[in-house]
Amino acid sequence: MMLAAELALAEVDVAVVERRPDHVLVGSRAGGFHSRTIEILDQRGVADRFLAEGKTAQAAMLAATVLDMGDFPTRHPYSLGIWQNQIERIMAAWIAELPVRIYYGSEVTGFAQDDAGVDVELSEEGSLRARYLVGCDGGRSVIRKAASIEFPGWDPTRSNLIAEVETTEEPPRGIRHDATGIHALNTMEDGKTVRVIVTERELGPSSEPTLRDLSEALIAVYDTDFGVHHPTWISRFTDMTRQAATYREGRVLLAGDSAHVHYPAGGQGLSLGVGDAVNLGWKLAQVVNGFSPESLLDTYQEERHPVAARAIQHTMAQAALQRRDERMQALVDVVSELAVMDEPRKRLAGLISGLDIRYDLGEGHPLLGRRMPDLDLLTAAGPLRVFELLHDAKPVLLNLGEPRDFDIAPWANRVQLIDASYEGEWELPVLGAVTAPTAVLIRPDGYVAWVEDGADAGLLDALTTWFGAPTMALRNG
Ligand SMILES: Cc1cc2nc3c(=O)[nH]c(=O)nc-3n(C[C@H](O)[C@H](O)[C@H](O)COP(=O)(O)OP(=O)(O)OC[C@H]3O[C@@H](n4cnc5c(N)ncnc54)[C@H](O)[C@@H]3O)c2cc1C
């Protein structure tokens, strides 16, 4: 849905094929997302919709340690607790306001690609012809498999049951750890449904779990199943960890869980998917709209593969720390002692929150390749936040020096040139204070593509790299 929104904002004809009959998600699933994802939604002007339904909290954690990021230089120095079924409802309402077609109740069964496009086979309604196909179809992605994209990684060693049930006995609320892993019992908002997460003693099968499986797993941990009944949702997840060898095969790309799966410890899966979508959306739009060559799509893999690889490594460490026999508890204690110290706290929170992401755009000012901070600017039209300039997903050339003419004629119809002043400090998450630039070029995903730090060398190169060669830009403008 995030990718569909990005493409629609860039005026690309986009359709979503979803096998579910509607956007309603049975079961709560993920419990929220972290700071950078809130910022990304803020960049599109929709963060408030999510903030209004969720609860902000310090929820970036390592083992038992909360990594308080209250002092991070962001407008959102926290995580947001909000269930995935709420997130998907809000997202669906947002894309309903945009020109996005959705084929609900339709399953992609395969595809055939040629030089000009992709024929997407559907279980209902025959097929669809598209210039590009993006597999956002989850960890078991049919599209990834049909594209023969390898999915190397680690087989599962541990499984958890997750469920929403009623109980006859009052269960103890909260989290428990033992040698197998983590278990948690919590009452949901309606006051009677209990959300259960329990690690199974043995790795469970890939078949659908039953109430009996849940009951047995609870008895193994708590000596009682609390009289679980009336499940509205039971599911199983594992610590299987894999990442697609390539995110693109010709006209077929992967984003979200179809490109990477991992244990949910740390709560980063959904945020990684949103980050993929926002990185890919404007690039794909540039190519489809004829402004940029196809090679721009290669930067999607170059930028996003390392981000997921790092997050995946972190989830494996997190998952290991959840197993708490006495030896592991000793390790957890050592790690916890370190994690609250300033430097490790900032580094770990920077990673989990997604605020420390730096795409490799070469040497230069520390802002290059990093997220543009949401500064309070002063413009001729009055005060303005940087993120407000990104609502339409269009690039911004922000001039913070004396008002002057930049020679950007070939891109002038797409790149917004804004003269503004900013009085405050320049501070980046984890890095700290940096020198104030006199101008920056901000990509639609909010990452800085060029920084003027004294001389304006390199602006035309950056515009060409990211927004197309002057001839292409003029021809299609
Ligand atoms: C217990 C648990 C807790 C989690 N907690 C968090 C958390 O707190 N924070 C976080 O960020 N992440 C969390 N995650 C991870 C998060 O849920 C996933 O990373 C996220 O849902 C991935 O989104 P996605 O859109 O890539 O894939 P999915 O959510 O799997 O969506 C794929 C969609 O494609 C559809 N589909 C699949 N195949 C086809 C097909 N062939 N044709 C048509 N449609 C198809 C599906 O119906 C589905 O709607 C958690 C996961 C679990 C299991």
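Counting starts at 1 for both ligands and their atoms, in listed order. Residue numbers run from 1 in the order of the sequence given. Both backbone and side-chain heavy atoms feed into the values below; hydrogens, waters and symmetry mates do not.
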K.L.:
Measure the distance from atom 49 (O) of ligand 1 to every protein heavy atom, then report the residue, atom name and distance (to 0.1 Å) of the closest one.
P.N.:
Glu18 OE1, 2.6 Å
K.L.:
Below 4.0 Å from any atom of ligand 1, is there a heavy atom belonging to Phe237?
P.N.:
yes
K.L.:
Report the part of Asp137 (side chain from C-beta onward, or backbone N, CA, C, O) that has a heavy atom under 4.0 Å from ligand 1; answer both or neither where that applies.
P.N.:
both
K.L.:
Looking at Glu170 and Arg173, does any basic side-chain N land under 4.0 Å from a carboxylate oxygen?
P.N.:
yes
K.L.:
If we check salt bridge (charged side-chain N to carboxylate O under 4.0 Å, His left out) with Asp356, which of these qualifies: Arg347, Arg310, Arg36?
P.N.:
Arg310
K.L.:
Tell me the protein heavy atom at minimum distance from atom 3 (C) of ligand 1, and give that distance in Å.
P.N.:
Pro264 CB, 3.8 Å
K.L.:
Under the 6.0 Å and 45° cation-pi test, does Arg144 pair with Phe151?
P.N.:
yes
K.L.:
Among all protein heavy atoms, pick out the one at the shortest distance from atom 14 (N) of ligand 1; state its residue, atom name and that distance to 0.1 Å.
P.N.:
Ala30 CB, 3.6 Å
K.L.:
Taking distance alone, with no angle check, do Gly139 and ligand 1 share an N/O pair under 3.5 Å?
P.N.:
no
K.L.:
Non-hydrogen atoms of Ser271 versus ligand 1: any pair closer than 4.0 Å?
P.N.:
yes
K.L.:
What I want to find out is whether Arg242 reaches Asp155 closely enough, with some N-O distance under 4.0 Å, to be called a salt bridge.
P.N.:
yes
K.L.:
Got the closest protein heavy atom to atom 21 (O) of ligand 1, with its distance?
P.N.:
Gln84 NE2, 2.8 Å
K.L.:
Between the side chain of Thr199 and the main-chain N/O of Ile182, is any donor-acceptor distance below 3.5 Å?
P.N.:
yes
K.L.:
Around atom 42 (N) of ligand 1, find the nearest protein heavy atom and jot down its residue, atom name and distance.
P.N.:
Val108 N, 2.9 Å
K.L.:
Using a 4.0 Å cut-off to any heavy atom of Val17, which atoms of ligand 1 qualify?
P.N.:
43 (C), 44 (N)
K.L.:
Evaluating non-hydrogen atoms only, which member of Ile162, Leu270, Leu161 is closest to atom 11 (O) of ligand 1?
P.N.:
Leu270
K.L.:
Can you check whether Tyr263 and Phe237 have ring centres sitting under 6.0 Å from each other?
P.N.:
yes
K.L.:
What protein heavy atom is closest to atom 18 (C) of ligand 1, reported as residue, atom name and distance in Å?
P.N.:
Asp257 OD2, 3.4 Å
K.L.:
Does a side-chain N-to-carboxylate-O contact under 4.0 Å join Arg324 and Asp333?
P.N.:
no
K.L.:
For Glu107, counting its heavy atoms only, list the atoms of ligand 1 lying under 4.0 Å from any of them.
P.N.:
40 (C), 41 (N), 42 (N), 43 (C)
K.L.:
For Gly32, is at least one N or O under 3.5 Å away from an N or O on ligand 1?
P.N.:
yes
K.L.:
Of the protein's non-hydrogen atoms, which lies at the shortest distance from atom 27 (O) of ligand 1, and what is that distance?
P.N.:
Gly138 CA, 3.7 Å
K.L.:
Do Glu388 and Arg44 sit within salt-bridge range, that is, some charged N less than 4.0 Å from a carboxylate O?
P.N.:
no
K.L.:
With a distance cut-off below 6.0 Å to the six-membered ring centre and an angular limit of 45° from the axis, does Arg251 pair with Tyr132 as a cation-pi contact?
P.N.:
yes
K.L.:
Among all protein heavy atoms in this structure, tell me which lies nearest to atom 45 (C) of ligand 1, with the distance rounded to 0.1 Å.
P.N.:
Arg19 CG, 3.8 Å
K.L.:
Flag the pair Glu53 and Arg89 as a salt bridge only when some basic side-chain nitrogen lies within less than 4.0 angstrom of an acidic carboxylate oxygen.
P.N.:
yes
K.L.:
Atoms of ligand 1 less than 4.0 Å from Gln268 heavy atoms?
P.N.:
10 (C), 11 (O)
K.L.:
Over 60° means perpendicular and under 30° means parallel, so tell me whether Tyr300 and Tyr247 are parallel, tilted or perpendicular.
P.N.:
tilted
K.L.:
Go through it in stages, so that I can follow the logic: the residues are Phe50 and Trp94, the test is ring-ring contact (aromatic ring centres under 6.0 Å, His included), and I'd like the CA-CA distance, side-chain angles, deciding distance and then a yes or no.
P.N.:
CA-CA 11 Å; Phe50 296 87; Trp94 177 35; 7.8 Å; no
K.L.:
In terms of atom number and element, which parts of ligand 1 are under 4.0 angstrom from non-hydrogen atoms of Gly256?
P.N.:
26 (O)
K.L.:
Kindly identify the option in Ser106, Cys136, Gly110 whose heavy atom sits closest to atom 31 (O) of ligand 1.
P.N.:
Cys136
K.L.:
Can you name the atoms of ligand 1, numbered from 1 with element, that are less than 4.0 Å from a heavy atom of Arg20?
P.N.:
47 (O), 48 (C), 49 (O)
